[in-house]
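All residue numbers refer to positions in the sequence shown, counting from 1.
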Amino acid sequence: MTTASSIEISPDDALSVAMKRGSAVEHEDAEGSTFMAALLDGRMSAAGYIAYLQRLRPVYAALESKARELCSDPIAAPIVDPALDRLPAIDADLTHWMRITANESLAPLASPAADAYIERIEVASQWAGGFVAHHYTRYLGDLSGGQAIGRILDRTFGLNGAGIDFYKFDTVGKVKPYKDDYRARLDRIGAAMPFEGRAQLVDEVKAAFRLNQALFAELSELFPR
């Protein structure tokens, strides 16, 4: 399988390998966004980060609602883990950032990019493999590059560990072994699928990264500096 903006995957690839290789271009495009570059360089304002969290919140609400619905599905069940839930952490972080920026309340969220992302999660999750694609894109990202973002925010704003609960996964144990086990669970899911199913799942991972890129682009327009 190949498209103009993707890397070909092989029927011999384990699912975790196919997901990573097949979405490499889209992943790199999302990570290279102006907003993410500013965040990683410590140049993003507190207001910009709050806006980012505001957009992530409904996305995780949709994902975690679907996780509860699909927790017994044979495709989705191997990766569903309440220890990964981010909503309580996002809410705690928003409360902290509101306090340190002296905001009494947050403006209602108006985000076409977040709305499109949520709609895609809802539609894609009608097939459990589509849910797996979005789960992988968000949570494995949080366990990987998200850890660096948490450290950068802590250093840039002098948080002393506060306001970055979103990046803390204390209940999963050590992050590296958990990530390895998560990929092994993905591979077991893929082993029970025909190649066409794995290819469809990879296509949805690519779509998820494009939705993230659209969210970052929206934020870049709001916070160009």
Side-chain angles (χ1 to χ4, degrees), residues 27-64 81-115 117-118 134-180 182 208-209 211-225:
H27 189 176
E28 183 176 352
D29 287 345
E31 285 191 339
S33 69
T34 301
F35 177 84
M36 188 53 63
L39 189 61
L40 291 171
D41 288 345
R43 295 182 287 107
M44 182 49 58
S45 66
Y49 184 66
I50 289 171
Y52 177 49
L53 283 181
Q54 284 184 281
R55 282 159 176 76
L56 290 183
R57 192 192 187 285
V59 170
Y60 281 90
L63 269 175
E64 289 165 17
D81 183 355
L84 294 174
D85 286 357
R86 296 292 87 195
L87 271 184
I90 292 173
D91 286 341
D93 286 351
L94 281 170
T95 298
H96 180 81
W97 284 86
M98 287 169 61
R99 184 167 61 249
I100 67 174
T101 56
N103 286 328
E104 293 183 4
S105 63
L106 293 172
L109 179 64
S111 172
D115 291 345
Y117 199 163
I118 294 159
H134 285 277
H135 192 278
Y136 158 87
T137 305
R138 287 292 349 154
Y139 294 106
L140 201 61
D142 298 334
L143 289 161
S144 301
Q147 301 304 294
I149 294 173
R151 291 190 294 270
I152 291 165
L153 288 166
D154 197 21
R155 182 173 65 249
T156 300
F157 292 96
L159 298 172
N160 294 317
I164 50 173
D165 286 356
F166 177 62
Y167 306 102
K168 297 176 182 176
F169 289 88
D170 298 338
T171 57
V172 306
K174 292 184 177 180
V175 168
K176 174 63 165 60
Y178 188 91
K179 288 165 57 180
D180 291 343
Y182 185 97
F209 278 121
L211 288 161
N212 276 279
Q213 186 179 12
L215 193 150
F216 297 150
E218 181 179 271
L219 287 163
S220 296
E221 291 183 5
L222 290 171
F223 302 93
R225 297 185 65 182

Side-chain (Gln147) to main-chain (Asp142) donor-acceptor, under 3.5 angstrom: yes

Does Arg86 make a cation-pi contact with Phe169 (under 6.0 Å, within 45 degrees of the axis)? yes

Among Trp97, Phe35, Phe166, Phe223, ring pair (Phe, Tyr, Trp, His ring centres under 6.0 Å) partner for Tyr49: Trp97

Give, for atom CE of Met36 and atom CD of Gln213, the distance between the pair rounded to the nearest 0.5 Å. 11.0 Å

When rounded to the nearest 0.5 angstrom, what is the spacing between CG in Asn212 and CD in Glu31? 10.0 Å

Between Tyr178 and Tyr139, is the ring centre distance below 6.0 Å? no

Side-chain heavy atoms of Leu140 within contact of Tyr182, under 4.5 Å: yes

Taking atom CZ of Phe157 and atom CD1 of Ile164, what is their separation to the nearest 0.5 Å? 11.5 Å

Between Ile149 and Tyr167, is the side-chain contact (heavy atoms from CB on, under 4.5 Å) condition met? List the steps. CA-CA 8 Å; Ile149 294 173; Tyr167 306 102; 3.3 Å; yes

Is there side-chain contact between Leu153 and Leu39, with heavy atoms separated by less than 4.5 Å? yes

What closest approach, in Å, do Ala114 and Ser111 show between heavy atoms, and which atom pair accounts for it? N-OG, 2.9 Å

Whether the side chain of Ser33 engages the backbone of Ala30 through a donor-acceptor N/O pair (distance < 3.5 Å, no angle test) should be reported. yes

Nearest heavy-atom approach of Asn160 to Asp154 is N-OD1, 2.9 Å

Under the 3.5 angstrom rule, does the side chain of Lys168 hit a backbone N or O of Gly161 as a donor-acceptor pair? yes

Donor-acceptor pair, distance only, cut-off 3.5 Å: does the side chain of Asp81 make one with the backbone of Ala83? yes

Contact summary for Ala214 and Ala113, nearest pair of heavy atoms: O-CB, 3.8 Å

With sequence neighbours left out, which residue pairs that include part of residues 44-60 fulfil the salt bridge (charged side-chain N to carboxylate O under 4.0 Å, His left out) condition? Arg55-Glu218, Arg57-Asp91

Quick check: closest heavy atoms across Ile50 and Thr101, and the distance to 0.1 Å? CD1-OG1, 3.8 Å

From CD1 (Ile152) to CG (Leu40), nearest 0.5 Å: 5.0 Å

Can you check whether Asp165's main-chain N or O pairs, donor with acceptor, with Asp93's side chain at less than 3.5 Å? yes

Give me the one residue out of Leu143, Leu84, Leu63 that meets side chain to side chain contact (heavy atoms under 4.5 Å, CB included) with Arg138. Leu63

Could you grab the distance from atom NE2 of His134 to atom CG of Leu211, nearest 0.5 Å is fine? 6.5 Å

Quick one: does any side-chain atom of Tyr117 pair with a main-chain N or O of Pro58 as donor and acceptor, under 3.5 Å? no

What are the two closest non-hydrogen atoms of His96 and Gly163, and how far apart are they? CD2-CA, 3.5 Å

